[in-house]
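Structure record follows, encoded as structure tokens.
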2 protein chains.
Amino acid sequence: MATMRQIAAAAGVSAKTVSRVFNDDPHVLPATRERVESIMRELDYVPNSLATAFRSGRPSVIGVAVPDIVDPFFAEIARAVERTARDHDMSTLVTSLGDDPDRERAVLEPMLRRQLAGVVLAPIGDDQSSLAAWASRTPFVFVDRAPGRLTADAFTQDDFGGAFAATTHLVEHGHRRIAFVGDQLALPTTAERLRGYRAALTEAGLPADEGLIALGAATREGAAGALAAIASRATALFSSNAVCTMALLPALAEQPLPLVAFGDFPLAELLRPSVSVITQDPEALGRLAAERIIDRLDRPDARYRRSTVLPVHLVERDSCRAGAATPLSRAIAPGAPPPR
Amino acid sequence: MATMRQIAAAAGVSAKTVSRVFNDDPHVLPATRERVESIMRELDYVPNSLATAFRSGRPSVIGVAVPDIVDPFFAEIARAVERTARDHDMSTLVTSLGDDPDRERAVLEPMLRRQLAGVVLAPIGDDQSSLAAWASRTPFVFVDRAPGRLTADAFTQDDFGGAFAATTHLVEHGHRRIAFVGDQLALPTTAERLRGYRAALTEAGLPADEGLIALGAATREGAAGALAAIASRATALFSSNAVCTMALLPALAEQPLPLVAFGDFPLAELLRPSVSVITQDPEALGRLAAERIIDRLDRPDARYRRSTVLPVHLVERDSCRAGAATPLSRAIAPGAPPPR
DNA sequence: TTGTAAGCGTTATCAG
DNA sequence: CTGATAACGCTTACAA
């Protein structure tokens, strides 16, 4: 772990000259440069990045905090942030928040104590007001989920529109009793999707039936319970997010129901029936969020639109069709290629 | 962004006293302490972690470098590292290496330039000798994949034994022509699994048929090609890793073959037929690797067994059974609960 | 072209 | 109990 001074001593120059050589400052005699360079190689010199970072004062790390890095949706956000950061000579700190909103702040704080250029955050709670003090120090950019009780940059997707489209799609397939299955309303995404679902029903002139709304479906048990609660009244299902959709699958095998789900997931198109989904763009969310952080770093006084909403798309597969010739519970497996 | 000196000035004490207060040093008069604390609150003091880290010289970040953070196997490793790091007041830097071995080093270096306690690495190439210089500075702990041409800590799983068990399992189901489908032999895992496959065939007194070995199956196209290459000769299939298995699924739907796969994956038990797999333990890999890094930090002179191999387990589902009453191509979907 | 001095924010040492 | 001083490794400003 040779330091600059040690190189300088060995080369018989001052530390500053070593610094100049290392940073390709032209004001160094070729002979001096060569001598210093050879010593640097010999002693395997690598600058202490902590010292450099400390000295420069410019943060070179972006934080990513998501509910769970194992969820491919959030992993894709993290990967996009990391790529973007890398392109700007920055690194990425990642943390999984877990599922207890009360611990959100505790998990976040150790990360915030570091000098970060910013934090890309998909929160698990509905109130980030306690982060306000940190926000003045480290810019937050929310992704997927809008901030609660806090003003901050946000890149979200059209939750309302996606849910509206999904529900309308089921209406167009002739369904009149469509259930909404989700996790918790505390999540802004779930709340917005419920709004979209309701709006679509209203638009179609269908009655609002609270008995068709089932929450707590993020686990298999919860999903089975939710399905049981609505199964007798519903002829079709809108699943509000991918975690719920995957949790629903076992129960749906027993009790098939036409389905459109918010959020694509691996193998969705290989299941039978393949699952119709509203697709999001996590790569874009992560990339845009990271770019915003870098922009803010470069131009601290620039002003930005706080909230950006990305479009979503309905990908029609088989699960939205009413049980046709082949009932849902006895279709083909494990995975023909998708229609398109 | 108040500094310690500013707090000190405002409180009419020296910086050192502020430091003492902040670090709960008992040698401070209660009155002094209170005055300083109130000023700290007032000015919203947060210590500059860069300065602290620089000063202490103790690295407080662990790096994680995996082929792709979106792959749930590697994401789980990363999550385990992060949890372990967090328990020790450390943070986690994550990077995805991609799939080009020639870029492995280039992607790693920016991360290595930082002062890291160590790097948890699942390499994509088969030669890490060029990292030797870095290894003396930052300890590497390899996970899943053993190092190539480099001596370093490694936590891997029993690739040989798992492949042996999977192949033997198919033999016990009466198969005599079992194909091996994998990605590339440059990966030490693939090479070991191929050895285990071959050993199982030998043990069973079956001939080695090179025509039953197909590589390059990490993409759908590659997997379809691999399957086409062996389909006419094979009556069953051993897939060497989860990426290949998932890539194989579309082609297998057209051309069903009994299958045991190395590596569990989401929804494997919900496909029809559910996929029999050799399960690994990515959580343990990540946790053990992170603990090793922390151990080495605490006790630089301790000696460790370089290589630790974790056991794997065969989880028997339906795909290993020969096409029974219900042919593979027309089974049930999308997902009854697993047998157990 | 090269070197000296000073300082980034924190903490260890040692004095008072 | 409290404070002055120095130091971590590097770079900027200024001199020589």
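To find a chain, count down the sequence lines: A is the first, B the second, and so on, and within it residues start at 1.
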_Nearest atoms (heavy-atom pairs only) where B:Arg114 meets A:Asp89_ = NH2-O, 4.3 Å

*Find the distance B:Met4:CE to D:dG3:C1' and express it as a whole number of Å.*
14 Å

*Terminal contacting nucleotides, 5' and 3', DNA chain C versus chain A (heavy atom, 4.0 Å)*: C:dT1 to C:dG9

*Within 6.0 Å of CZ in B:Arg103, more than 12 heavy atoms from elsewhere*: no

*Find the distance B:Leu50:CG to D:dG9:C1' and express it as a whole number of Å.*
13 Å

*asked:* Using a 4.0 Å heavy-atom cut-off, does A:Pro26 contact any base of the nucleic acid, only the sugar-phosphate backbone, or nothing at all?
replied: nothing

*For B:Thr32, report the nucleic acid contact type (base, sugar-phosphate, nothing); a contact means any heavy atom under 4.0 Å.*
sugar-phosphate

*Could you state the atom-to-atom distance from NZ of B:Lys16 to C1' of D:dC1 in whole Å?*
13 Å

*Remember a base hit wins even if backbone is also touched, and classify B:Tyr45 as base, sugar-phosphate or nothing at under 4.0 Å, heavy atoms.*
sugar-phosphate

*Answer yes if the side chains of A:Thr190 and A:Gln184 hold a donor-acceptor pair under 3.5 Å, and no otherwise.*
no

*Taking CZ from B:Arg113 and P from D:dC10, how many angstroms apart are they, rounded to a whole number?*
14 Å

*side-chain contact (heavy atoms from CB on, under 4.5 Å) with A:Val28: which of A:Arg20, A:Glu34, A:Glu37?*
A:Arg20

*asked:* For A:Arg5 and B:Leu29, find the nucleotide of DNA chain D closest to each by heavy atoms; which residue's nucleotide sits nearer the 5' end?
replied: B:Leu29

*Check every strand shown and say whether A:Thr3 touches a base, only sugar-phosphate, or nothing at a heavy-atom separation below 4.0 Å.*
sugar-phosphate

*Can you tell me how far P of D:dC8 sits from CE of A:Met1, to the nearest Å?*
13 Å

*asked:* Can you measure A:Asp25 atom CG to D:dT11 atom P for me and round it to whole angstrom units?
replied: 11 Å

_Between P of D:dT11 and CG of A:Asn48, the distance in whole Å_ = 10 Å

*asked:* Which heavy atom of B:Leu310 sits nearest to which heavy atom of B:Asp281, and what is that distance?
replied: CD1-O, 4.5 Å

*Is the ring centre of A:Phe54 under 5.5 Å from the base ring centre of D:dC10, and are the two planes under 30° apart, so that they stack?*
no

*Which atom pair, heavy atoms only, marks the closest approach of A:Ile62 to A:Ala117?*
CG1-CB, 4.4 Å

*Report the distance from atom CZ of A:Arg55 to atom P of D:dA7, rounded to the nearest whole Å.*
18 Å

*What are the two closest heavy atoms between B:Ala80 and B:Thr84, and how far apart are they?*
O-OG1, 2.8 Å

